[in-house]
Protein chains: 2
Amino acid sequence: MSLRYALLGLLADEPQSGYDLTQRFERSLKRYAWHARHSQIYPELNKLAADGLIAVVEEGARGRRTYALTEAGREALHGWLMDWSSLQPVRNEFVLRLFLMSVLDPSEALPLLRGIHEHAKEEVAELEARVEAAGGPDGEWGFGRLAGEYGVRQYRAMVEWAEWAESELARAVPDEGSGDTST
Amino acid sequence: MSLRYALLGLLADEPQSGYDLTQRFERSLKRYAWHARHSQIYPELNKLAADGLIAVVEEGARGRRTYALTEAGREALHGWLMDWSSLQPVRNEFVLRLFLMSVLDPSEALPLLRGIHEHAKEEVAELEARVEAAGGPDGEWGFGRLAGEYGVRQYRAMVEWAEWAESELARAVPDEGSGDTST
DNA sequence: CGGCTCATGTAAAGAGTTACATGATTTG
DNA sequence: CAAATCATGTAACTCTTTACATGAGCCG
């Protein structure tokens, strides 16, 4: 059911088409929270419209249909956002890999950790820039500001974790510091 | 494919039955990384056995079958753990809700944030205790130590985020501090 | 020996991915 | 006018959940 409410939520931000929604998943939601392809989005929009939760408010070129929430849709979204009792469990392959990583020996794990470290630093920089930009001139924050700040903090914690993990593993791999890989 | 490697990974820790694996998902993996029910686990174990990646090493009471990795299974797991190129996107309904939370007005969001804050503090305490226990007397760390430390840090960051978010929202809801809710 | 837990399974439905398919509009 | 992008759709397959189903062993 999450997709359904994700769509309602994005339409609450502003009316848009299936195409727009697809891009929003691709550009921001996908990396932090949820993903869906157009092949799942279009049928779901048709169901939402059939259920009276959204409605076409504009028809444009190339068959483009812009949807907006109906009053019923706004209520459904609101009800869902206020009720946290049925939160789906997280599905995070990254953490799964961490769980299983003891299978590798430290000399194998260390380069992986360095890659993660790099990646996390880049994420922090990118997210900080985005949050900064959204906080912009007029002091208004924009949609998803709580998530943005959450993301920044999560990735900062990830950077610190990676630093800790590297030093932890480096202790188990004494041959560090010399570029010499012989014997 | 993640389930497949999750099972191989857990069997790499120690040989166990489908029943044991089901409980491990339920008790620890579910909350942080991945979930699967017995109805998905048993058929997958049969497939893994058919593919020669695991094998029954013991048969016990009530039809219990204990599986262990074969050499091929160990290689498959190792290959997967070393190759991070095809990481599945995160599916996190919690973050999705944060994304959409601007739909609520601050007076509605604030109590939700307080609940999250409480919950995060409990998670930190529980995880710290678990990590501490695993770090135990002999200094050995146990399976999943990297994930454990990661979890603690993520939840600590969540607590700090919640504190920030509460103070941020409280500014938008001036009638705080008086328990009086009348007009 | 009755109730609980252990232990495994299958079937149907729902959610999500991949691949196939089509056509309109814009841009250079 | 050709190429790229916009825009929507469906079909087949895989993955996941929910529900149904069964029986053995353990504990009081």
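Each chain gets a letter, A, B and so on, in the order the sequences are listed, and its residues count up from 1.
- In this model, the phosphate group of D:dC15 is not approached by any side-chain N or O of A:R91 to a distance below 4.0 Å at OP1 or OP2.
- Considering only side-chain atoms of A:Y19, the nucleotide from D:dT8, C:dG9, C:dT18 that sits closest is D:dT8.
- Here the side chain of B:M1 is nearest to one of C:dT17, C:dA7, D:dC15, namely D:dC15.
- Rounded to whole Å, atom P of D:dC6 lies 15 Å from atom CD of A:Q16.
- Comparing B:D20 and B:P43 along DNA chain C, the residue whose closest nucleotide (by nearest heavy atom) sits nearer the 5' end is B:D20.
- Within 4.0 Å of A:R4, counting heavy atoms only, lies no atom of the nucleic acid at all.
- If you check D:dG25, C:dT17, C:dT25 against the side chain of B:A61, the one that comes closest is D:dG25.
- Residue A:T22 is out of contact with every strand shown, counting any heavy-atom pair closer than 4.0 Å.
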Under the salt bridge (Lys or Arg N to Asp or Glu O under 4.0 Å) rule, what do B:R145 and B:E149 come out as? Steps first, then yes or no, please. CA-CA 6 Å; B:R145 71 194 190 287; B:E149 184 70 24; over 6 Å; no
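- For the residue pair B:Q88 / B:S2, a side-chain donor-acceptor distance below 3.5 Å is found, with atom types taken as modelled.
- The distance from atom CD1 of A:I41 to atom C1' of D:dT10 is 15 Å, rounded to the nearest whole Å.
- Comparing B:Q40 and A:A36 along DNA chain C, the residue whose closest nucleotide (by nearest heavy atom) sits nearer the 5' end is B:Q40.
- A ring-centre distance under 6.0 Å is not found for A:Y150 and A:Y155.
- Ranking D:dA7, D:dA24, C:dT10 by closeness to the B:S39 side chain, first place goes to C:dT10.
- A donor-acceptor pair under 3.5 Å is absent between the side-chain atoms of A:R64 and the main chain of A:E58, judged by distance alone.
- Distances were taken from every side-chain heavy atom of A:L3 (C-beta onward) to each of C:dG9, C:dA7, C:dG16; the shortest belongs to C:dG16.
- The shortest distance between the side-chain N/O atoms of B:R65 and the OP1/OP2 oxygens of C:dC6 is not below 4.0 Å.
- Ring-plane geometry between B:F99 and A:Y32 is classed as parallel, the angle between the planes falling under 30 degrees on a 0 to 90 degree scale with a further cut at 60.
- Per the geometry, NE2 belonging to B:H35 stands 12 Å off C1' belonging to D:dT18, to the nearest Å.
- Rounded to a whole Å, the CG atom of A:L7 is 13 Å from the P atom of C:dA15.
- In this structure, B:Y67 places its OH atom 11 Å from C1' of C:dA7, rounding to the nearest Å.
- Distances from the side chain of A:R64 to the nucleotides D:dT8, D:dA24, C:dG16 place D:dT8 closest.
- For A:R31, the side chain to side chain donor-acceptor pair (under 3.5 Å) partners at least two apart in sequence or on another chain are A:E123, A:E126.
- In this structure, A:K47 atom NZ and C:dG16 atom C1' are separated by 12 Å, rounded to whole Å.
- In this structure, A:E44 places its CD atom 14 Å from P of D:dT10, rounding to the nearest Å.
- Comparing D:dT10, D:dC6, C:dT25 against the side chain of A:H38 picks out D:dT10 as the nearest.
- Put simply, A:R62 has a side-chain N or O that comes within less than 4.0 Å of OP1 or OP2 on D:dA7.
- Remark: B:R37 is not in phosphate contact with D:dT16, judged by side-chain N or O atoms under 4.0 Å from OP1 or OP2.
- In this structure, B:F25 places its CZ atom 17 Å from C1' of C:dT8, rounding to the nearest Å.
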